[in-house]
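Throughout, numbering of the chain's residues begins at 1 and tracks the sequence. All ligand and atom numbering here is 1-based and tracks the order in the structure.
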Amino acid sequence: MIKVGVSGAAGRMGQAVCEAVEAAGDSELAGRADPALGVALGEILGDADVVVDFTTPETALENAKACLAAGVHAVVGTTGFDLDALRAAAEAASANCFVAPNFAIGAVLMMEVSQAIAAHMPECEIIELHHDRKLDAPSGTAKRTAELIRGAGGNVHEPIHSVRLPGLVAHQEVIFGGEGQTLSLRHDSIDRRSFMPGVLLAVRRVGGLPDRFTVGLEKLL
Ligand SMILES: NC(=O)c1ccc[n+]([C@@H]2O[C@H](COP(=O)([O-])OP(=O)(O)OC[C@H]3O[C@@H](n4cnc5c(N)ncnc54)[C@H](O)[C@@H]3O)[C@@H](O)[C@H]2O)c1
C-alpha cells in the first residue's frame with residue numbers, strides 16, 4: 001500500500017484526491033494537511049510515502065520543498081508558481097517530484113494532438129475557461145499547451161484568453177487557422193473526478209521515475 005498525504009485536503013481538488021486515494025485498492029490516506037483543518041504539512045510528512053499538493057500558488061513551492069527535504073515524493077497539481085525554482089530544489093533532493101498542470105487524460109491528449117496540428121497549421125489561439133475562484137490566469141494548462149505548440153513550430157497568438165465564470169470547472173479550446181479553414185480542439189472537465197485517474201497514476205509512478213523532476217502527465221502514459 002502506498003501511504004499518501006494530501007496537502008490542501010480541505011480544498012475542492014484536495015477533497016476529491018482524499019476520496020480517490022481511499023477508494024483505490026493500492027493506496028491509503030496517510031493524512032490531511034490544510035490550515036482550514038488545523039493540520040500543518042509537517043505533521044503528516046512522517047507518515048507518508050507520497051504527498052499530493054493541490055493548494056495555492058503562494059504555498060505550493062514551499063510545500064513541495066518540505067516534502068523533498070523529508071525524503072517524501074511530491075505530486076504537485078497546484079498551478080501558477082515558478083517551476084524553475086522547484087526544478088532546482090528537486091534536482092538536489094533525495095526524493096522525486098512530479099508536476100502536471102493538468103491531470104485529465106483528455107487535456108493531455110489535446111496538448112499532444114495540438115503539436116501534430118501545429119506542424120501543418122501553425123497559426124493558433126488558445127481560450128481557457130475556468131470557475132471564477134481560480135487564482136491564476138492564464139491557466140497552467142494553457143501556458144503548457146502554448147509552450148508545447150511553440151516547440152512544435154506553431155505560432156500561439158498573444159494573449160491567451162482567460163474566461164472566469166461561475167458554472168465552469170476547467171475547459172480549453174485551441175483554434176488553428178489556415179487558408180480558408182479553421183480547426184478547433186476543445187476539452188471540458190465537467191467534474192473534478194476527471195483528474196483522479198491521472199493523480200493516482202502519478203502517485204503510483206512518482207517513486208520510480210528516472211529523473212528527480214518530471215513535468216507532464218504525458219511522460220507517464
Ligand atoms: N493540475 C490539475 O489537473 C489541476 C486541476 C484543478 C485545479 N488545479 C490547481 O490546484 C490548485 C487548488 O485548486 P482548488 O480548486 O482545489 O483550490 P481550493 O481553494 O479549493 O483549495 C486550496 C486549499 O489549499 C489550502 N491551503 C492553503 N495554504 C496551504 C498550506 N500552506 N498547506 C496546505 N494547504 C493549504 C486551502 O486552505 C484550501 O483548502 C490550484 O492551483 C488550481 O489551479 C490543478
Inset, instruction - Have a look at ligand 1 and work out which part of Pro101, if any, has a heavy atom under 4.0 Å from it: side chain, backbone, both or neither. - result: backbone
Legend entry - Salt-bridge contact Arg192-Glu19 (side-chain N to carboxylate O under 4.0 Å): no
Legend entry - Atom indices of ligand 1, in the order listed, that fall short of 4.0 Å to a heavy atom of Ala10: 39 (O)
Inset, instruction - Please report which non-hydrogen protein atom sits nearest to atom 18 (P) of ligand 1, along with the residue it belongs to and the distance in Å to one decimal place. - result: Arg12 NH2, 3.7 Å
Inset, instruction - Note the single closest protein heavy atom to atom 44 (C) of ligand 1, along with its residue, its atom name and the distance in Å. - result: Gly77 O, 3.0 Å
Legend entry - Nitrogen or oxygen atoms of Ala100 and ligand 1 under 3.5 Å apart: yes
Inset, instruction - Please tell me if the side chains of Glu112 and Leu221 come closer than 4.5 Å, counting only heavy atoms from C-beta onward. - result: no
Legend entry - Close side-chain approach of Cys97 to Leu86, heavy-atom, < 4.5 Å: yes
Inset, instruction - List the closest protein heavy-atom neighbour of atom 29 (C) of ligand 1: residue, atom name, distance to the nearest 0.1 Å. - result: Pro35 CD, 3.5 Å
Legend entry - Numbering as shown, the atoms of ligand 1 that approach Lys134 to under 4.0 Å (heavy-atom distance): 43 (O)
Inset, instruction - May I ask you to check if ligand 1 and Ala36 share an N or O to N or O distance below 3.5 Å? - result: no
Legend entry - Atoms in ligand 1 with a heavy atom of Thr78 nearer than 4.0 Å: 10 (O), 41 (O)
Legend entry - Lys/Arg N to Asp/Glu carboxylate O, Arg144 vs Glu147, below 4.0 Å: yes
Inset, instruction - Flag Pro57 as yes when one of its N or O atoms lies below 3.5 Å from any N or O atom of ligand 1, and as no otherwise. - result: no
Legend entry - Residues Leu200, Arg204; criterion side chain to side chain contact (heavy atoms under 4.5 Å, CB included); working and verdict: CA-CA 6 Å; Leu200 291 176; Arg204 291 176 185 123; 3.8 Å; yes
Legend entry - Residue, atom name and distance, where the atom is the protein heavy atom closest to atom 38 (C) of ligand 1: Asp34 OD2, 3.5 Å
Legend entry - Carboxylate-amine/guanidinium contact Asp34 Arg32, below 4.0 Å: no
Inset, instruction - Return a yes/no value for Thr79: is any of its N or O atoms, backbone included, closer than 3.5 angstrom to an N or O of ligand 1? - result: yes
Inset, instruction - In sequence, state the C-alpha distance, the side-chain angles, and the governing distance for Leu220 and Leu209, and then conclude on side chain to side chain contact (heavy atoms under 4.5 Å, CB included). - result: CA-CA 9 Å; Leu220 307 187; Leu209 289 173; 3.6 Å; yes
Inset, instruction - Only one of Gln172, Arg164, Lys143, His187 passes side-chain hydrogen bond (donor to acceptor under 3.5 Å, both in side chains) with Glu128; say which it is. - result: Arg164
Inset, instruction - Check each of Leu135, Thr55, Leu217 against atom 40 (C) of ligand 1 and report the one with the nearest heavy atom. - result: Thr55
Legend entry - side chain to side chain donor-acceptor pair (under 3.5 Å) evaluation trace for Glu125 with His157: CA-CA 5 Å; Glu125 297 239 1; His157 297 191; 3.3 Å; yes
Inset, instruction - Quickly, which of Thr55, Val72, Val51, Val6 forms a side-chain contact (heavy atoms from CB on, under 4.5 Å) with Leu41? Name it, please. - result: Val51
Inset, instruction - Say whether Ala170 and ligand 1 are in contact under the criterion: heavy-atom distance to a ligand atom below 4.0 Å. - result: no
Legend entry - From Phe54, Phe103, Phe81 - option closest to atom 4 (C) of ligand 1 by heavy atom: Phe54
Legend entry - Closest approach of any protein heavy atom to atom 16 (O) of ligand 1, naming residue and atom: Met13 N, 2.8 Å
Legend entry - NZ/NE/NH1/NH2 to OD/OE distance under 4.0 Å, Arg186 and Glu173: yes
Inset, instruction - Please determine if Gly11 has a nitrogen or oxygen closer than 3.5 Å to a nitrogen or oxygen of ligand 1. - result: yes
Legend entry - Ligand-side contact atoms (ligand 1) for residue partner Asn63, heavy atom cut-off under 4.0 Å: 30 (C), 31 (N), 32 (N)
Inset, instruction - Step by step, work out the side chain to side chain contact (heavy atoms under 4.5 Å, CB included) result for Thr145 and Ile160. - result: CA-CA 10 Å; Thr145 306; Ile160 293 170; over 6 Å; no
Legend entry - Within-cut-off N or O pair, Arg192 and ligand 1, under 3.5 Å: no
Inset, instruction - Note the single closest protein heavy atom to atom 30 (C) of ligand 1, along with its residue, its atom name and the distance in Å. - result: Thr59 OG1, 3.6 Å
